Amino acid sequence: MHERYEPRTVETDAQKFWESQHSFRVTEDASRPKFYCLSMFPYPSGKLHMGHVRNYTIGDVLTRHHRMRGMNVLQPMGWDAFGLPAENAAMANKVPPAKWTRDNIAYMKQQLKGLGFALDWERELTTCNPDYYKWNQWLFTRLFRKGIAYKKTGVVNWDPVDQTVLANEQVIEGRGWRTGAPVEKREIPMYFLRITQYAEELLGALDGMEGWPEQVKLMQKNWIGRSEGVRIGFPYELNGEKKTLWVFTTRADTLMGATFCAVAAEHPIAIAAAKTNPALAAFVEECKQGTVLEAELAQLEKKGMPTGTFCTHPISGEEIPVWVGNYVLMTYGEGAVMGVPAHDERDFAFALKYDLEIAQVIDVKSFALDKWQGGYTDYGNCINSGKYDGLEFQASVDAIAADLKAKNLGEKQVQWRLRDWGISRQRYWGCPIPIVHCAACGDVPVPDDQLPVVLPENLVPDGTGNPLAKLPAFYETNCPSCGKPAKRETDTMDTFVDSSWYFARYACPDQSNAMLDERARYWMAVDQYIGGIEHAILHLLYSRFFTRAMRDEGLLPGVAEPFTRLLTQGMVLAETYYTDANGRREWINPADVDLTRDARGKILTAKSKDGKDVVFDGIGTMSKSRNNGVDPQQLIEKYGADTARFFIIFASPPTSTLEWSDEGVDGSFRFLKRLWNYASVYAGKTAESTGDSKAIRHEIHAVLKQANYDLQKHQFNTVASACMKILNSIEKIRGRNAASEEGMSILLRLLSPITPHVCHALWRQLGFGDNVMTAPWPEPEPAALEQDEIDYVVQVGGKTRGNVKVPKSADQNTAGAMAAEAVKKYIDGKAIRKTIIVPGRLINIV
RNA sequence: GCCGGAAUGGCGGAAUUGGUAGACGCAGCGGACUCAAAAUCCGCCGCCUUUAAAAGCGUGUGGGUUCGAGUCCCACUUCCGGCACCA
């Protein structure tokens, strides 16, 4: 046995062993409980980043732990291979996205293999391969025929110079990233998936999902956003035609205080008024500038302009003005709201600004017309509301809804915040949408025998629109229905489509006759899903929707939820720095910044390697766009995969955000070295000290008990600590005896999911067996946990004043008396009011 | 702006349901070994007063509940994630 710990040799040997044994290959096995453990697949951006190492180490710890508990564990891996960065790289390097992507996959796969993850590589899948995306297309055509997929217009960011659609990420401070031109909103036809049809089910099912964090369920609940209210009609006349302006409100009790209505710039009233009113036309035009980003829209200064149109209040019959408001969203409800300045903060500010009437109709306290106060939105009884005066919230809503219904101007309604999912992307590197546009037959889905619609792989985009739209060889085709010349759709699908069902395909990646087969029925649902908290809404919600859509296609009978248990990993953050080059930010990797700090750790100066001053721009998620990713490869090369794995597990609990710093990694490396040294130096010797073996056994088994509890809670950082504590205990023995032997056996098994290579080597070399992966999971022995005396903390009036050892057999009175004796000097001369005894823990004398 | 989180020594973090705050590490300080250094091993290590013994303070801020609060409640501050075309 080598005296020195040499990670490279140890890791290569272990990996060769696993490969030769096909240790991670799994098949369906009815005799054992199955456990499908899945980490979110990576986008092949170039090389692994720390977030990947963290994610996949957590997944591997879970996988290896469950294997040792006797379960049939599937842990696969694949590539989320379509997406925008490949097109950006293609433009920068003049290399087709396909080549860039596949090169990245090859490199990252080697990195993953080097980290020793227990992955079944025979199931690897890549979303940009036709044998995968064929089934995107196949399912799309099914959903299209059912009406779940449909066409309507959607709003996109438009770069007027490059004549191209921009992703939100490509809009920097309202301007196109390449051209610097102010971005405009533009409406274009797109395909949508009717996720709203599943809104009720997606919301209702959350309650029963006990394996999901409350936090994520709450976010999804709020995102779906069910609200109960009243749909209210305000009749108006436009060009002599009688129409009704429909609004939705959750506060119908305030209807008598509605003094105006506001519509979105895209609303028919606004468009009609703009035709005859140049000032209004300019305002409508202004509203079209800027991005579609909701975060920015919500923080815009609220502006408006009267349309000149008036509508009739459905109860009072008064004429109230209709305004255009830049804060009214066409995408929510019907693009119009009623304005109740007295009881809505936004309406109040709007009314003050434009001198609109403010009419209090709820008896909230101390109402003042000139100043908004928090209580104005409180519920209360109606006042100044005619026949509704004195009614409380629910009664007034009921009465108003009934009256509106009688007039055919409203009814109670349930409204959802969730919108249908627009999946069309005017981009090259994605899955082609399988539709042919025929002048005679309309939008015709591509028939099964013509699938997949293959994406040509040799194109290089140039930033001025989708290259597919410039390639007649791609878009010129014949109508599958009538055979006449027709045009193929050139938009591709949102990459979220690819990732909304990949988890099911891992069960049967080689199946060429169907999207899924009976193997998917065996493995689904995923028992444990692991991935970043940033996916809490979109990816996870889309996957829940897709799983139901697949269920309703008969592909996954009885499966509604894709992920039984969810572990949301905290993000790995890093500091960000930039240099300012002629107003354009150049992002500098934190590894290339030299810092000086003051005694409190505050940054004094920051310089790049070439001596330029660098601006610190806070801490944020590691990303390509801010060049603050930390490459784990250097860490792995210097210390080995086991140290990298141990350190990232040890550094913080899986769900916490982690500000990356590799200070402290030495400690993890030292621990593995100490473990190795102990095994090589002392393992051959008989013990020097055997006297306190009983106490040491107690320590080890108590730590093991706690570690098993922590594993259940997924608190892996303290499991790593536990391993260190066990080694500390064993080291006191300084040699080999029954206690150290047992301790080592426990330690190597407990540690093996975290650092599998070194544990594999030591398990064999110390003669415990051939393969630690097949050893049973260690459990504490009750006898070793027994103690004769209990250590009580003694408090006087809640302050800790001492300790007392009480025999296990002693009753409460004896224990109390012993405690009082132990802290005598603190209670001398004072009356004892009562004594609180927490069995096994603490005695408080008051 | 809206939704969801987080805040504990110089640093990462621990504290199972309200019960000894700081486990386990990092950094630092002192020592052993060494010609020396590295590596390794041993000890100390929240703040403050103090020669010491001992006392007081202490879990982002301000209140509250309790015999007892890092943990529960109310109000705030700062930071992080998401906001539908980054993935």
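Being a predicted model, the structure only gives us computed values, none of them experimental. Within every chain, numbering begins at 1; the chains are lettered A, B, ... in the order of the sequence lines, protein sequences first and strands thereafter.
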(request) Kindly label the base of rG9(B) as syn or anti, based on whether its glycosidic torsion lies within 90° of 0. (result) syn

(request) Using a heavy-atom cut-off of under 4.0 Å over every strand shown, decide if Gln215(A) touches base, sugar-phosphate, or nothing. (result) sugar-phosphate

(message) For a quick test of reading the model, state the closest non-hydrogen atom pair linking Arg645(A) to Ile754(A) and the distance between them.
(response) NE-O, 2.8 Å

(request) For rC86(B), take OP1 and OP2 only and decide whether either is under 4.0 Å from a side-chain N or O of Arg427(A). (result) no

(message) With hydrogens left out and only the distance checked, is there a donor-acceptor pair under 3.5 Å joining Glu294(A)'s side chain and the base of rC2(B)?
(response) no

(message) Over all strands shown, is Pro653(A) touching base, sugar-phosphate only, or nothing at heavy-atom distances under 4.0 angstrom?
(response) sugar-phosphate

(request) With C1' as the reference atom in both, quote the distance from rA27(B) to rU78(B) in angstrom, rounded to an integer. (result) 26 Å

(message) Please list, in numerical order, the residues of residues 717-725 of chain A that have a heavy atom closer than 4.0 Å to any atom of RNA chain B.
(response) Asn717(A), Thr718(A), Ser721(A), Met724(A), Lys725(A)

(message) By the 4.0 Å heavy-atom rule, please label Leu300(A) as base, sugar-phosphate, or nothing.
(response) nothing

(message) Regarding Arg346(A), tell me which of base, sugar-phosphate or nothing describes its non-hydrogen contacts under 4.0 Å with the strands shown.
(response) nothing

(message) Please classify the nucleic acid contact of Asn844(A) as base, sugar-phosphate, or nothing, using heavy-atom distances under 4.0 Å.
(response) base

(message) Ignoring hydrogens, what is the shortest heavy-atom contact between Thr127(A) and Ala81(A)? Give both atom names and the distance.
(response) OG1-N, 2.7 Å

(request) Pick base, sugar-phosphate or nothing for Leu84(A), based on heavy-atom distances below 4.0 Å to the nucleic acid. (result) sugar-phosphate

(request) Indicate, with a heavy-atom threshold strictly under 4.0 Å, whether Glu296(A) touches base, sugar-phosphate, or nothing. (result) nothing

(message) Once you apply a heavy-atom cut-off of 4.0 Å, does Ser424(A) come out as touching a base, just sugar-phosphate, or nothing?
(response) base

(message) With a 4.0 Å limit, can you tell me whether Asn222(A) has a side-chain N or O closer than that to the phosphate oxygens OP1/OP2 of rG82(B)?
(response) no

